[in-house]
Asks: 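One structure coming up, written as C-alpha cells, with questions to follow.
These values consider heavy atoms only, across backbone and side chains, with no hydrogens, waters or symmetry-generated copies.
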Amino acid sequence: SSAEGKYTIGISNTVQGNGWREEMVCAMKAQALASGEVTKLNIAHRNTDAAGQLEDIRNLISAKVNAIVVNPADPAGIKAGLEEATKAGIVVVAVDQAVTEPSAYIISNNQEQYAYLGAKWLFQQMGGKGEVFYMRGAAGASADSDRDKGFKKALAEFPDVKVAQEVFTGWQQDQAKQQMLSFLATGTPFNGVWTSGIDNVIVDALVESQAPLVPVVGADNAGFVGQLSSVKGLVGAAVTNPGSIGGAGVTLALQILDGKKPAQQTVLVDPQLWDNATDEGKAKLKAAADPSLSPEWPVSISIPDWTTYTKEQIVACKGPGE
Amino acid sequence: MSHFLRRQGWVTGLFALLIVLFIVTKLIQPGYGSGDFGSLARAVLPYAFAVAAQTVVVIAGGIDLSVAAMMALTSVTAASMMAGASEEYALFVVPFVLAMGFALGALNGLLIVVTRVPDIVVTLAMLFVLQGAALLVLGAPGGGAAEWLKAMISGTVPIPGLPDAVDAWAPKALLVLIVCLCVIWIPLRRSRLGLSIYAIGSSELAAFRSGVPVKRTRILAYALSGLFAAFGGLALTMSTGIGAPIPGPYLLASVAAVVLGGVALGGGKGGLLGPIVAVFVLRLVRTDLTLLAIDPNVTAIIEGLIMVAVVMFGAFITMRGRQ
Amino acid sequence: MTTSPQQQSPLLDASGVAKNYGAVAALRNASLSVLPGEVHALMGANGAGKSTLVKILTGAISANAGRILIRGEARDIRSPAAARRAGLLPVYQEPSLIPDLDVLSNLRLTGTPVEPFRAWVRELGISDLDLRDTARDIPLAILRVLDLARALAVEPDVLLLDEMTAALPANLAEKVLEVVRRQGDAGRAVIFISHRFVEISALCDRATVLRDGATVGVVDIVPGVEEKIVELMLGTRIEKTKVAARAGQGAASAPALPRIAVRNLRVGTKLNDVSFDLRDGEVAGVVALEGQGQDELFAALAGSIRPSGGAIEVDGKPAKFAHPIDAIRAGIAYVPGDRSEALAMQRSVRENIALPFSAALRNWGPIAMGRERATVASAIQRLQIDTRAQGEVQRLSGGNQQKVTIARWIAADARTILCFDPTRGIDVGTKQEIYKLLRELAGNGKSVLFYTSELEEVQRVCDRVIVIFGGRLVDIFSVEEADEPALMRAAYGLPRGAKADVGILADPSANPSDAPAPEARP
Amino acid sequence: MSTSAITPAPIPLGRRVKRFMADRPLIPLIILLVILVVILQILRPGIVNERWIANTIKFAIPLAILAGCQTMTMLTGGIDLSVGTVATMSAFIMATQIVNQDPAVAFLLAMMPAVLIGLVNGIGVGVFRVHPLIMTLGTSLIGTGCLQVYQRTVIASGAKIPDFLAWLGTGVTPILGFAFPNALLLFVPLAALIVFTLARTGFGRLLYAVGDNERATRLSGVQYWQVITALYVTSSLLAGITGLLYIGLIKAPSLSLAEPLVLPSVAAAVIGGTSIFGGRGGYTGTIIGALILTVLTTLLTILQMPEGARRILFGLIVLFVTAAYLRIVEER
Ligand SMILES: Nc1ncnc2c1ncn2[C@@H]1O[C@H](COP(=O)(O)OP(=O)(O)OP(=O)(O)O)[C@@H](O)[C@H]1O
Ligand SMILES: Nc1ncnc2c1ncn2[C@@H]1O[C@H](COP(=O)(O)OP(=O)(O)OP(=O)(O)O)[C@@H](O)[C@H]1O
Ligand SMILES: [Mg+2]
Ligand SMILES: [Mg+2]
C-alpha cells in the first residue's frame, strides 16, 4: 500500500452483531487500508432502522467525508439523505442492496438471484416434486422479500414442489433450530430445506434428531461449508452471498473519486452455487472451506477484480489509521 | 419546595449538558452549522415522539412496551394509504392515523384496566399484536408519503423580520415537534386530566379516594401515549417516505430518555421537557461519535457508559441532597 | 342496649352491612344510624370492622350485603366521588393526599375550594402551611389535619373520621376535637372513630359498638358509660387499673453504668444539646408536641440518621451508628410509629416477625424453620395477634399490624426497645397488653424508651418522663410528679409551677373557650 | 381477643374450587399448559411424542433459567435486562477460548464477564440506586460493545463447541425407556436450589422483604446494598451458566446468541405469577411459564398462517393466559 491516503470515507450500516455484516465492515476496512488512498474511515455501525440510517448519513455529511458507502436499511427509505449527500458533493455507493436514489452508485448482491439459484438446485435435487421446508429470514426486511421473489420464481417452474411449511427465522440461530426441531416433531414428510442463510444449525438439528438427511440449501457461511464436506450423507449447496461486497463498495467509491466512473450506475454481483453433489462443486467447496474462520462468516472473503486485500488483512479487521 | 427545585435542577443540568455538547461538537467540527442542526432536529423527531409517548404512561405509573410497535404500525398504515394516492388524500390520512394511534393506545389501557394484568405484560403482548398487524399491512418496507408531508420537516421556516442567518437555525422539524407537543402537553398539564394522571401515578389508592376516576384516567393516559406514538409513526413516514413493518430501536431509547430526563419510573413525578432534552443529548452524542470517527464497536460501550454515568450521577446528587 | 329515642329521622342509616375478604369476614352484620347534629362514635376492638364500614359507606369498597339510606333514600354509593355527591366525606385511617402533588394541586383534584380550606387549616392550628409544599414532604400529623381541613372545606353533611386523632400530638388533637364538636353544633353529623375514651366522652353524643364485624350495641355517652362500652367491645370486662409492680424503686439499685447515655446530642436544627440516661430495667417516657425533635431523637438512637453532634454511649462505650444494623447489634431496636414503615405488607406475619433473624450476612443461609416457628408463635401468643389473615400482613387490621411491629423485637429479644407511639390506633384491650408487656420487659431488666402522644399513658407505663420542646430537653419528671397538667405545661415549654390549664382535655368539665389557645408551633 | 370463629357458611363448589386453586397457584398454570399441549395435539395429531417433549424441555430450560434471574430480581422490584448479553458473552468466550485454552481456564474466562457485570449492576442499583432497568440496560450495551471488540481479536482463531457442553445441551439419556434430556442434570439441581433459596433461606426472605418494603428491612438491620449486590451477581452467574448450556444446544456462537431470550424471560416470570413490583412470586410458577411460552412457540411455528397473524395470535394468547391465570388465582 502506498504512503498517504487522500480521502475520508463514511460507512453506514444498520445491523450489528451478525457475522455477515461484521465481515462486510471488515472488508470495507481492509479494502480501505489496502487501497492506500484512504486516510480515515468514519463508520456508523449499529442496529437501527431507515430513519436512524438517515441520521447517520446526515452525520457523515456533517463530518464532510468524500464518499459514503452504505448498506441500505431500505432502498427507498434513505433517498432523502443520499440526495443531500450527492448535493454536498459526496460520492454515494450502496452495497448489498439497491437504492432508489438515482445519483447513487450501486454494487449489489443479487438477492433475488440468490434465492432463485438455490431453490432451483434444491427442487432439481428433489426430483422436481415433493415438499420443501421454507425457512425465510426476518419478516418485513427488504432483503427477505427480494429473496422471496426469487424463491417463488423457482417454485413456479416446478409445479409439483409444494411448500410444506413456511417460517421466519428472523435470521436467528436459536429460533431456526427450535423451528426445525418442532417441525421434525410434527412428523410431516418433507424432501428438502431451503434456508435464508441460517444453515448450520439446521444440519445440526437434522443430525441430532437422526432425521433423514434431506437436501439443504444455505449460504456460504464457514460453518455450513465445512458441514457440506464433513457431514456424512448430507447433500446440499451453498449459495455465495459475499460479505466482501463491502470491500467492493469501497473500491467503487475510490474509482469514482479518482474520476473513473463506471459505465453503468448499477453493478450486480451474481451469486454462485457450490453443491456437494457434483465433483465440480465439491472442488469449489474444498477450495473455499476455511475452518479457521468464525462459523458465521461467509467464506467468500474476497471478490475477484473488486477487492485487493489479503485474507490476513480482512481477518485483522483494521482500517487505515488503526 | 426542595423537590420542585431538584426537579427543575435536573432539567437545567441537562440543558447545560446539551450546551456543553454543542460546544464540543463545534470544536470537533468547526464547520458544524445550521444545516447540521437541522439534521439533528430531524433525527430527534421520531425519538422525541416515542419519548413523549413513554413519558405520559410512566408519569401515570405504568410503562408501555408497545411504543415502537405502535410507531411501526401507524407508519406502515400511513405509508400504505398514501402510496400512489393524491396529495390531498394525505389530509385525510394524517388525522386517521392519529385517531388510530389514540384508539389503539386506549385499547392498551382498556385491556390493562379490564384484565388487571400488569401493564408490562399487556403492552408486551400488544407489542406482538401490533407488530403482527404491521406485517399484515405491509409485508416488506414500502408505501409512500405525500410530498407536502415530507416537506413539512425539511428545510427551515422563514421568520418574517429576522435575517436568514437566524432563520436557518429554526428547522421546520423542530417547529413541528414543538407545536405538536405543546398543543397537547400544555393544556393537558393544566387540565384536571393531567392532574389525575400525576395522581394515579403517585398513589393509585389515594387518587381513588380523592375521587379520581382511576380507570378512565389510566385508559386516557395510554390513549395519549398511542397518540404520541402515532405522531412518531408519522414522523418516520415523513422522514423516510416509506413505512417499515419492523419496529426501530425506539422502545429502549424511550425508556432510557425518560429516566435520563428525570421522570421517575414508578410514576407521579417529572415532566416532558426533561425527556425531550435528554433525547437531544443522546442524539448529539451519536453525532459526535460519528464526527470523531470512533471505532463503531466502541460506540456501544460509550453510549452505555454515558447512560449509566448520567443516571448514577443523578442518583448521587439526590443522595447528597437527602443527607 | 341503651338506644335513645329520638324523633328526628336519621341522616345516614346503614343496616345489615357485610363484607368478606376471601375467608375473612371483615363485617358480618353491621348497622349504624346517625342523626343530624350528632357526633357519633364508632367503637370496637382492633379488627372489629370500623374502617371497613367507613370504606363501604364512602364508596371506597363495595359491600357484599347491606342497605344504606341517606336521608331516608336508598343510595348505591359506588365510588368516593358518589359519596362526596351524597354529602358523605371521609378522612381515612391512612392519609389520602397524593404524595407527589403539592397541596394546591391536591385541592384542585378534589375540587375543594381553597379559601375555606385555608381558613380551616388556620382554625386547626397550622399557621405556616405553604400550599406549594409537596404532600410527601409534609409530616404525617399535619397531613392528617390537612385531610380533615379538605373534608371540612366542602361542608359535608356527614363527616367520617377514622382514627383522626391517633397520630396527632395533643395540641393538634385538641384543635381537631374543638372543630368536630362545632360541626355537631352546626347541625351536621360526624362519625368519629377513636380508641381514646377521653375523646369520646368529651365529644360524642352516642356510640355504636362493633364486635367481630357486627353491631352489638348503641349507647348514649353519659359519664361512666366507658365500662359498658368496653364490655360490649370485648365481650368481657377488662380491668382498667394501673399497671402494678413498677421498677421505680429499683432505680436505687441501678447499675453504675446506664444502658444508654445520650450526651449533648444534636441533629441538624431539629434537636439540640439533649442529654439523658436510659437504664436497664426502666421505661423512660418521652413527651413532646408535634415536631419538637422527638422523631430525630429516635431516628438517631436507632441508627437511621446520623447525629451532627454529641455522643451516644451504650453500656459505657461510645457508639457510632451508621446504619440501623449497628444499633441492632448494640441491642437497640426501633419500632416506628407509622407501621407502613416497618412492615413488608405482602408478606406473612411470620416472615415479618422473623425478618431481623435474616438481616446479617451470616444469617443468609438455610433457616431453622422449627426454631423460627416456635419463636414466632410465642411472640404472636404474647401479643395476642389476631392471625386470621396472617398470610399477608396488609390484611390485618391496623391495630394488629401495629402489634406485629413490636412482636418482631420481642422475638429477637432486643435489650432496648425504642417505641415511637406504639399504641397509636390500638384498642383498649390491646393497649393494656402493651402496657403490661413494656412493664414486663423492664421487669426482665430490659430498657424501653417510649414516646407517646397520649399523656395518660405516661402514668401507666413510665418510670421517668423526658419532656422535649423546641429540640431541647426541658424537663425530666419522675412518674409521681408526672400528672397530665404538669406534663402538658412542660410540653408547651412553660416552666414548672405555672398554673393555667391547657387544652380542653385538661379538665373535661371546664369550658374550652376559657383555655388559652397555645400556638401550634413555637 | 377476636378469636371467636367465623360462622362456617356452606361455600358453593365453584368458589371452593377457586379457593383451592388460589391457594395452589401452580395448578391453574399447569392446567393452562396442558390445554395448550392438547390444542397442539389436536392441530397436529401425533406431534406430542417423546422426541417433541425432549425438544420442548431442551429449549425451555435456558429460558427457564434466565426467567429465574428475572424472578429473583423482580422480587426486589428490579429487572435484569443484561442476562441476554451476559449469556451471549459467556457462550462466545467459551467457544472461542476453548480452541487454545484448557477447558477449566476457558470456563473461568467465560464466567468472568458475568461476575463483573453482575457486580457493576449490583453496585449501581444497590449503592447508587440507579433504576435496575436503566442500569442493566446500560451494562448490557457496554457488554455488547466489549464483546464486539473482543470478537475482532478472535475472528481468525475459529470457534469450537466443547463436547461436554454439546452433550449437555443436545444429548438425551434413555432412562426407563424414556429419553431424558441431559440438560435436566443441570437444571433440576439448579431449580431446586433456587426454589429452596427463595423459600427457606435468609437471603430468599430478604429478596421478598426488600421488594416489599425496603425501609422496613432497613429498620430490621438489613443492608440493602449487600442484598442487591449478591442478587445481581447471582443473576449474572446464572445467566453465564445459561450461556454455556445454550451454546451447547445451538452450537453456533454468534454475537446475539441469547438476546432473543430476554423479553421471553421477563414474560415467563410474569406469566408464572411473579409481580414486577416486587415482593410477590416464586420460581416454580416461572418454570411453568417458560414451558408455556416454549409450547406456544411450537404451536405458532406449525400453524399455517401469515407471519403477521402468527404474531398477533402470540400476543393475544400471552395476554389471555396471564389474564385467565390472574382471574383464577386472585380472589376479590
Ligand atoms: N384487604 C383485606 N383483605 C383481607 N382482610 C382484610 C382486608 N381489610 C381488612 N381485613 C380484615 O377485616 C377485619 C376488619 O378490619 P378493619 O380494618 O375494618 O378493622 P378496624 O376495626 O378498623 O381495626 P383497627 O382498630 O385495628 O383499625 C380485620 O380482621 C382485617 O384483618
Ligand atoms: N430462624 C430463627 N427462628 C427463630 N428464632 C431465631 C431464628 N434465628 C435466630 N433466632 C433467635 O433470635 C435471637 C438472635 O439469633 P441470631 O442467630 O440472629 O443471633 P446472631 O446475632 O446472628 O448471633 P450471635 O448472637 O451469636 O452473634 C436468638 O434468640 C435466636 O434464638
Ligand atoms: Mg381501622
Ligand atoms: Mg386502628
Asks: Supply the atom-to-atom distance D:E307 CD to B:Q131 CD, rounded to the nearest 0.5 angstrom.
Replies: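 Going from the CD atom of D:E307 to the CD atom of B:Q131 covers 9.0 Å.
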
Asks: Got a second to check how far B:L260's CG is from D:I134's CD1, nearest 0.5 Å?
Replies: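 The CD1 atom of D:I134 is 6.5 Å from CG of B:L260, to the nearest 0.5 Å.
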
Asks: Where does B:L124 contact chain D at under 4.5 Å (heavy atoms): side chain, backbone, both or neither?
Replies: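 B:L124 touches chain D through side-chain heavy atoms alone.
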
Asks: Which residue out of B:V129, B:L135, B:L130, B:V114 racks up the most heavy-atom pairs below 4.5 Å with chain D?
Replies: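 Heavy-atom pairs under 4.5 Å are most numerous for B:V129.
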
Asks: What are the two closest heavy atoms between D:G138 and B:V308, and how far apart are they?
Replies: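 Minimum heavy-atom contact is CA-CG2, 3.5 Å.
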
Asks: Checking heavy atoms, do the side chain of B:M312, its backbone, both or neither come under 4.5 Å from chain D?
Replies: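 When you check distances to chain D, atoms from both the backbone and side chain of B:M312 fall under 4.5 Å.
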
Asks: Considering only heavy atoms and a distance below 4.5 Å, find which of B:T299, B:V255, B:I302, B:L65 pairs most often with chain D.
Replies: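 Of the options given, most contacts go to B:V255.
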
Asks: Picking from D:I276, D:I312, D:L313, D:L141, which has the most non-hydrogen pairs under 4.5 angstrom with chain B?
Replies: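 Max contact count across the listed options: D:I312.
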
Asks: Tell me which of these, B:A300, B:A264, B:P296, has more heavy-atom pairs under 4.5 Å with chain D than the rest.
Replies: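 The residue among B:A300, B:A264, B:P296 with the greatest pair count is B:A300.
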
Asks: Nearest 0.5 Å, please: how far is CZ in D:R310 from CG in B:L136?
Replies: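 CZ of D:R310 is found 11.5 Å from CG of B:L136.
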
Asks: To the nearest 0.5 Å, what is the distance between CZ (B:F128) and CG (D:L263)?
Replies: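 Answer for the CZ-CG pair, B:F128 versus D:L263, is 6.0 Å.
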
Asks: Is B:V137 close to chain D through its backbone or its side chain, or both, or neither, when contacts mean heavy atoms under 4.5 Å?
Replies: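 B:V137 has no heavy atom closer than 4.5 Å to chain D.
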
Asks: Could you tell me which portion of D:S275 (side chain, backbone, both or neither) has an atom closer than 4.5 angstrom to a non-hydrogen atom of chain B?
Replies: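 No part of it gets close to chain B.
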
Asks: Rounded to the nearest 0.5 Å, what separates atom CD1 in B:I63 from atom CG in D:L133?
Replies: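 So the gap between those two atoms works out to 5.5 Å.
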
Asks: Heavy-atom cut-off 4.5 Å, strictly under: side chain, backbone, both or neither for D:L319 against chain B?
Replies: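 Both parts, heavy atoms under 4.5 Å.
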
Asks: What heavy-atom pair brings B:A125 and D:G315 nearest, and what distance separates the two atoms?
Replies: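 Answer, listing the atom of B:A125 first, then D:G315: CB-O, 3.2 Å.
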
Asks: With respect to chain D, which residue among B:V121, B:T115, B:L127 yields the maximal number of heavy-atom pairs within a distance under 4.5 Å?
Replies: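 Heavy-atom pairs under 4.5 Å are most numerous for B:V121.
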
Asks: Any chance you could lay out the side chain to side chain contact (heavy atoms under 4.5 Å, CB included) test for B:L305 and D:I142, step after step, and finish with the verdict?
Replies: CA-CA 7 Å; B:L305 277 178; D:I142 297 172; 3.6 Å; yes

Asks: Check whether any side-chain heavy atom of B:L252 lies under 4.5 Å from a side-chain heavy atom of D:L137, and answer yes or no.
Replies: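 Yes, their side chains come closer than 4.5 Å.
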
